[in-house]
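Please read the structure below before turning to the comments.
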Amino acid sequence: MESVARLVPESHRHPAPTILDTLRIKMAKTIFCATKICRTVVMVLFVIGAGNSIQAEAADRPNVLLILTDDQGWGDLAAHGNAKISTPTLDALANESARLDRFYVSPVCAPTRAALLTGRYPERSGVAGVTGRREVMRAEETTLAELYRSAGYVTGCFGKWHNGAQMPLHPNGQGFDEFFGFCGGHFNLYDDALLERNGTPVQTNGYITDVLTDAAVEFIQNHHDRPFFCYVPFNAPHGPFQVRQDLFDRYNDGSIDEKTAAVYAMVQNIDTNVSRLLKCLSDHSLDEETIVVFLTDNGPNGKRFNGGMRGTKGSVHEGGCRVPCFIRWPGNIQPQTISQVAAHIDLLPTLMQWCDIPLPTKVPLDGKSLVELIRDGTDPTLADRSILTYRPNPMQLQKFGKAAVRTNTHRLTIEKSKASLFDMTTDAGQTTDIASRHPELTKQLRSQIQEYVQEITPSITAIRPVPIDSMRSVYVPAVDAKLEGDVGFADEISWAHSWADRWTTTRDRITWPVEVKESGRYEVVIHYVCDSDSAEIVLKAGDQEATTTLPRFAMKSVVRPDLDSKATPRRMLTFQQHSLGVVDLAAGASTIALQRTDQDGAMIELNGLTITRQLP
């Protein structure tokens, strides 16, 4: 059977579910829900006593609508002085909100999401990057969704997850009753996307931002009569730069480059969809009962208007980390602009205090509640705080990467082992390094980030095995593998949408560390392309081996559509599926490996494996 794996993120390259898969998914959801219900009942009995329902306890608490966009910079709003872009809904939301004007996130996607969900710096939860399992957040972390669900809220996530694809790393395993979207960090086709709903593939029709909004609106409509937490992490305006032609044409007038024109058109589409979300709240008279939070996950994905700040996405400077953050709660939050530095880690403790939900106690939080700051316009306890930003070296996580320390007045940055200090009260563009004039302050701030990095290095360098669930099929992408020999990644890209190629010799070896949840018999299916009828490979799982000759499946790649004509062309490929057999896997840590046994031959291109437990 041919799989339509058009370089969609790793959790969405599964084949269409069979009847057996459907029964397995239903069984998994039943067991999963039953387990969570039992845990919830115990917590309710402990917190409010037997006899009171958890829904009754939550009834007087506000709803939360949390909107996160992807690669939208601080300057991608008309409200921030960008005369080129049209964002009337977001501008109005800013005027109705507490605007955190010095709000910081991580330099790239996945770390911001982990910090937002846990109230902890992302490296503490194991998140050190955006691909190769460096984006995976440990399942043991307590998330916003888990806290809300334990308090009787219904929880839904609609969009890009990017913190782990397999259960229990999947959104359904991290507190979300409902998930609709994709788990990887990148998507190749914005129209008619193949998404998933709670682990089951769903072929959609329409532009992805519109489709995700449809699902979020439906969620609010279905649950408007009980407290809800609705998380909408849009994947726009992250590349590829695809949007309706008429919107693109409005901006592509020659005054800006095509990439920027596409980004602005994508942001305008986001603005329209935020309007739909807010209208849904109004239609159900939920404006005053709902806290609305809007922010973005890092700086702009390219050089464009950004208020004169230094750096873009990926940078530890202001332009890479300072983003808009608007918080609206009519009747409870006074519209105002607040200049105190704050960060993604602060939203969890802030929302928990507003919603009267106890904070997690298993591990300490890095975030601080902003309730007093937003209520009074000031909070003396935050005056001397420092906010840390770390971007590990992606190739050598044990080595220091680059970092920043932010206070209300200064920024210390460390790049290539050099520390620089900037006075943000007089030098907002970070043009003058004053470290030599203030050696004591430089030393003090530098020691803060050095101590933090020393503390978290064991967390980010730990092995991140792929969890093999016994109830859901598990997709294991090639980009999560360790490659040995001449095998490499297509076009030298190891991001979520890529695959392994140049697999031609018996010297090549592809391995994944795995953690099997439950002993049993598991079928392993390979997703591949190979223009040969004699390519023989051996699957090694634990102490077992299975050898298979792959049927010929030749397929030419196609170039991904992109409105930026200067962008490097990116290839897409359709992959065949073929069973490598059934193996016995024991519970616990193991390794799955692939090697060729035929003599050097035609190249195999590998997209990944699907592993499914066989029912007795």
Side-chain angles (χ1 to χ4, degrees), residues 61-69 72-83 85 87-105 112 115-116 119 144 267 270-271 274-275 277-278 281-282 286-297 299 306-309 318 321-356 367-387 406-411 424-426 428:
R61 291 171 173 159
N63 310 304
V64 175
L65 171 60
L66 175 57
I67 305 168
L68 178 72
T69 64
Q72 179 182 357
W74 181 91
D76 296 332
L77 290 167
H80 286 166
N82 188 338
I85 198 168
T87 51
T89 300
L90 293 173
D91 298 342
L93 180 64
N95 291 332
E96 297 166 356
S97 300
R99 300 170 63 170
L100 301 174
D101 194 46
R102 295 293 186 272
F103 189 85
Y104 297 93
V105 295
T112 288
L116 179 66
L144 268 172
V267 172
I270 290 170
D271 190 85
V274 171
S275 177
L277 290 168
L278 299 181
L281 295 178
S282 296
L286 295 176
D287 286 337
E288 295 186 1
E289 298 175 23
T290 305
I291 302 169
V292 176
V293 183
F294 173 85
L295 71 157
T296 76
D297 68 351
N306 203 30
M309 289 186 282
E318 293 293 276
C321 301
R322 182 182 164 204
V323 300
C325 183
F326 310 143
I327 306 177
R328 188 191 81 170
W329 189 11
N332 294 276
I333 291 178
Q334 181 70 28
Q336 60 185 304
T337 299
I338 297 172
S339 59
Q340 163 71 45
V341 294
H344 45 15
I345 53 176
D346 299 329
L347 290 179
L348 184 147
T350 302
L351 291 170
M352 292 302 98
Q353 185 172 344
W354 273 327
C355 297
D356 193 26
K368 308 292 183 183
S369 173
L370 306 177
V371 169
E372 182 177 339
L373 174 70
I374 293 173
R375 184 189 65 217
D376 301 336
T378 184
D379 183 348
T381 66
L382 301 177
D384 297 326
R385 79 178 302 199
S386 297
I387 293 173
R406 296 180 158 83
T407 71
N408 280 315
T409 56
H410 289 83
R411 302 293 179 270
M424 301 305 293
T425 64
T426 60

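All of these numbers come straight from a predicted model, not from anything done at the bench.
A donor-acceptor contact closer than 3.5 angstrom is absent between the side chains of T378 and D376. Side-chain contact of T290 with N63: a donor-acceptor pair under 3.5 Å is present, judged by distance alone. Between the side chains of T89 and D271, at least one donor N or O sits under 3.5 Å from an acceptor N or O. There is a side-chain donor-acceptor pair under 3.5 Å between Q340 and N408.
A distance of 6.5 Å separates CG in L66 from CG in L68, rounded to the nearest 0.5 Å. How far CG of L295 is from SG of C325: 5.5 Å, rounded to the nearest 0.5 Å. Distance CG/L93 to CZ/R99: 9.5 Å, rounded to 0.5 Å. The CG atom of L351 sits 10.5 Å away from the CD atom of Q353 when rounded to the nearest 0.5 Å. Summarising the geometry, atom CD1 belonging to I327 is positioned 10.0 Å from atom CD belonging to Q336; distances are rounded to the nearest 0.5 Å. Taken to the nearest 0.5 Å, the CD1 atom of I270 stands 13.5 Å off from the OG atom of S275.
Distance alone, capped at 3.5 Å, is enough to place a donor-acceptor pair between the R61 side chain and the D356 backbone. T350 places a side-chain N or O within 3.5 Å of a backbone atom of L370 that can act as its donor or acceptor partner. Between the side chain of N82 and the backbone N or O of G75 there is at least one donor-acceptor pair closer than 3.5 Å. At distances below 3.5 Å, not a single donor-acceptor pair connects side-chain atoms of W329 with backbone N or O atoms of V292. In terms of modelled atom types and a separation under 3.5 Å, the side chain of N306 and the main chain of G308 share no donor-acceptor contact. Between the side chain of S97 and the backbone N or O of F326 there is no donor-acceptor pair closer than 3.5 Å. Here the side chain of R322 pairs no donor or acceptor atom with the backbone of G73 at under 3.5 angstrom. Side chain of T407 to main chain of H410: a donor-acceptor pair is present (N/O by atom type, distance under 3.5 Å, no hydrogens or angles).
Side-chain contact between P335 and N95 is absent, with no heavy atoms from C-beta onward closer than 4.5 Å. With contacts defined as side-chain heavy-atom distances shorter than 4.5 Å, the pair L65/L281 qualifies. Annotation: side chain of E372 is not in contact with side chain of T381 (no heavy-atom distance under 4.5 Å). The shortest side-chain heavy-atom distance between L144 and M352 falls under the 4.5 Å cut-off.
Contact detail for I374 and A98: the closest heavy-atom pair is CG2-CB, 3.9 Å. When all heavy atoms of V105 and H344 are compared, the pair lying nearest together is CA-CD2, 3.4 Å. Looking at every heavy atom in both residues, I291 comes nearest to C355 through CD1-SG, 4.4 Å. Shortest non-hydrogen contact noted between V267 and T87 is CG1-CG2, 3.7 Å.
Looking at R385 and D346, a side-chain N of the basic residue comes within less than 4.0 Å of a carboxylate O on the acidic one, giving a salt bridge.
Considering only residues two or more places apart in sequence or on other chains, D91 meets the salt bridge (Lys or Arg N to Asp or Glu O under 4.0 Å) condition with none of them. By the salt bridge (Lys or Arg N to Asp or Glu O under 4.0 Å) test, R328 pairs with E96, D287, sequence neighbours left out.
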Practice task
Give the intermediate values and the outcome of side chain to side chain contact (heavy atoms under 4.5 Å, CB included) for residues N332 and W354.
Solution key: CA-CA 10 Å; N332 294 276; W354 273 327; over 6 Å; no
Problem - Candidate pair E318 and M424, rule side chain to side chain contact (heavy atoms under 4.5 Å, CB included), full reasoning - result: CA-CA 10 Å; E318 293 293 276; M424 301 305 293; 3.5 Å; yes
Exercise for the section: Please report the C-alpha distance between R102 and I338 in whole Å, then the side-chain angles of each, then the deciding distance to 0.1 Å, and finally whether the side chain to side chain contact (heavy atoms under 4.5 Å, CB included) criterion is met. Expected result: CA-CA 8 Å; R102 295 293 186 272; I338 297 172; over 6 Å; no
Exercise for the section: I would like to know whether V323 and F103 meet side chain to side chain contact (heavy atoms under 4.5 Å, CB included); could you show each step before the answer? Expected result: CA-CA 6 Å; V323 300; F103 189 85; 3.8 Å; yes
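Between H80 and W74, the ring planes lie parallel to each other; the angle is under 30°, not in the 30° to 60° tilted range.
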